Amino acid sequence: MTAPLRLSVRRSEVPPPEAPDRRIEISLRVPTDLGVVEEAVDLVARHCLASGIPPRAARFRLRVALCEALSNAIVYGNRMDPAKRVDVTVVVTDTTVSVQVRDEGDGFDPSGIPDPTSPERLEMAEGRGLFLIRQLVDEVRFNERGNSICMILHRA
Amino acid sequence: MTAPLRLSVRRSEVPPPEAPDRRIEISLRVPTDLGVVEEAVDLVARHCLASGIPPRAARFRLRVALCEALSNAIVYGNRMDPAKRVDVTVVVTDTTVSVQVRDEGDGFDPSGIPDPTSPERLEMAEGRGLFLIRQLVDEVRFNERGNSICMILHRA
Amino acid sequence: MSFTFRKDEAKGVVVLGVDGQLIVGNRHELKQKVLDALDDGERKFLIDFTSTGYIDSSGLGVLVSLSKKIREVSGELRLAGLNDDLRTLFELTKLDSLFAINESAEEALAAF
Amino acid sequence: MSFTFRKDEAKGVVVLGVDGQLIVGNRHELKQKVLDALDDGERKFLIDFTSTGYIDSSGLGVLVSLSKKIREVSGELRLAGLNDDLRTLFELTKLDSLFAINESAEEALAAF
Ligand SMILES: Nc1ncnc2c1ncn2[C@@H]1O[C@H](COP(=O)(O)OP(=O)(O)O)[C@@H](O)[C@H]1O
Ligand SMILES: Nc1ncnc2c1ncn2[C@@H]1O[C@H](COP(=O)(O)OP(=O)(O)O)[C@@H](O)[C@H]1O
């Protein structure tokens, strides 16, 4: 080694994440209080960012859908009972982000919700929550009882 | 209303988080591969940031401690067996951040680790991992088997 | 979240800005502000979403019922400053057909 | 993580920069670089941590063994650019007593 030299060694990249290992779970327990919905949504959105969900549009859709699901869980599920809780679980894999919101209520039948965009419903103040969720995320699943909604976004 | 006026209404703050509700759990499954330690540490650090762990020093200590625990889990716990996994669980409450690292190994007795700062050990290349963990975090707990370490940082 | 509230004297328009989210936890504040102004005799309203993060279905619901209330007294409501994400919410729910929507607050003011 | 590697001809010092983390997954690269340079006859080494995030115990271990190797051939090793967090690691492990540590790479070069 006689002349000044400068070389840079880059670590080889982490192996392509085909492995089903790359899975992050975030869970959050939310009190039955409409005043904390915004904070809970923000917190989840920040964790999604930390997990590497970059497209702005995906984060927007997730925030609105989560906000809807949380307020339904608080108002209809837990019927504002402060002794009850809402559990949010986010699972991020390489292909999907799924957000589950579970309340302590009796559940309901989500198949019977009318279309809020029909002319006779367009000027109603209510009834757009589940519709928006269904429009904003790629997949919606309920558990049998109907007190747990799982909203799935496909990545890329 | 006759003159131009400008007023701003701030939502009242979320009630002070005395409630034991404010609890975020992050879990992450890590393959038995030393090449992913850095990425796993970064990911957890980003989630800690998202959970609101701001002091730089706390994040630094957490990163080093987690790095140590992960490499011990991979090397000594899982003995580099790629069929095994390491599970990381971070629980953030208002008062603590706890990071649990669990491997699929047989465990060990952490009480028998000699002091690496003693003069006869100072020039050894190894043996500083658990010592650093103990120095950097506020509390360290092992499960009985010794294949799971829980590192706790007190917030504020 | 905070609302800003000012009167454009030249055009006689009450301009409300939504700073943050318009959602279940705060929509009543916006509603009350507009109802109070209607009581005070105001008839022209512009809601500016330039600084808004997101809106949920109950926020949309409040806009729908305000729009009805304002129409009932022959008033006028305009929305402005919706970014692409927010505009999508109005399109998905077909509410874009119900509201007069302008690109910017300036354009909306000019349109009154 | 990447290492930078250059020779300061004026002082005859090999300067290594650690860009990122010095940890279990990459410490061997640093070790190999220094051992190769020792084979090439180099005797003066400066490791610059200005762009380093964190170091783990195996990174510290590599520094300890390199320090021994360099001393064995009457060479000289200096460390520089440790921020407060990194310096704490050396203090906790008492390795600050084992290494010649300078504030900056410039100061370290001047000290050879
Ligand atoms: N978590 C839940 N538990 C029980 N019922 C629910 C739940 N979520 C939604 N519902 C029912 O579904 C209906 C439609 O909800 P949604 O589409 O969000 O509209 P809105 O909340 O505006 O009525 C609600 O009125 C309620 O009866
Ligand atoms: N997860 C684990 N499973 C089994 N043994 C472990 C584990 N973690 C640490 N050990 C044991 O504790 C010893 C000390 O570990 P450590 O303090 O990290 O130093 P080093 O890794 O440099 O030897 C190791 O050599 C190993 O025998």
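In what follows, chains are A, B, ... by sequence order, proteins preceding strands, each numbered from 1. Since the structure is predicted, the reported quantities are computational estimates derived from the model, not experimental observations.
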| request: Counting only heavy atoms closer than 4.5 Å, note whether C/I55 contacts chain A via side chain, backbone, both or neither. | output: backbone
Measuring from atom [atom1] of [X] to atom [atom2] of [Y], what distance do you get when rounded to the nearest 0.5 angstrom?
X: A/E126; Y: C/S57; atom1: CD; atom2: OG; answer: 8.0 Å
X: C/T88; Y: A/R61; atom1: OG1; atom2: CZ; answer: 9.0 Å
X: C/L60; Y: A/M124; atom1: CG; atom2: CE; answer: 15.5 Å
X: C/Y54; Y: A/L62; atom1: OH; atom2: CG; answer: 10.5 Å

| query | Most heavy-atom pairs under 4.5 angstrom with chain A, which of C/V62, C/V64, C/L63? | reply | C/V64
| chain A contacts, top residue of C/G61, C/S65, C/S67 (heavy-atom pairs, under 4.5 Å) | C/G61
How about [X]: does its [atom1] atom have over 12 heavy atoms from other parts shown lying under 6.0 Å from it?
X: A/R79; atom1: CZ; value: no
X: C/D39; atom1: CG; value: yes
X: A/R141; atom1: CZ; value: no

| note | Expected contact set for residues 89-98 of chain C against chain A at heavy-atom separation under 4.5 Å reads C/L89, C/L92, C/T93, C/K94, C/L95, C/S97, C/L98
| query | If you take all heavy atoms of A/F60 and C/G53, which pair is closest and at what distance? | reply | CE1-O, 3.3 Å
| field | Closest non-hydrogen atom pair between C/V24 and A/S71, with its separation | value | CG1-CB, 3.7 Å
| said: What residues of residues 99-122 of chain A make heavy-atom contacts with chain C at a cutoff under 4.5 angstrom? | reply: A/T117, A/L122
| Looking at A/E123, A/R56, A/R63, which has the largest count of heavy-atom pairs under 4.5 Å with chain C? | A/E123
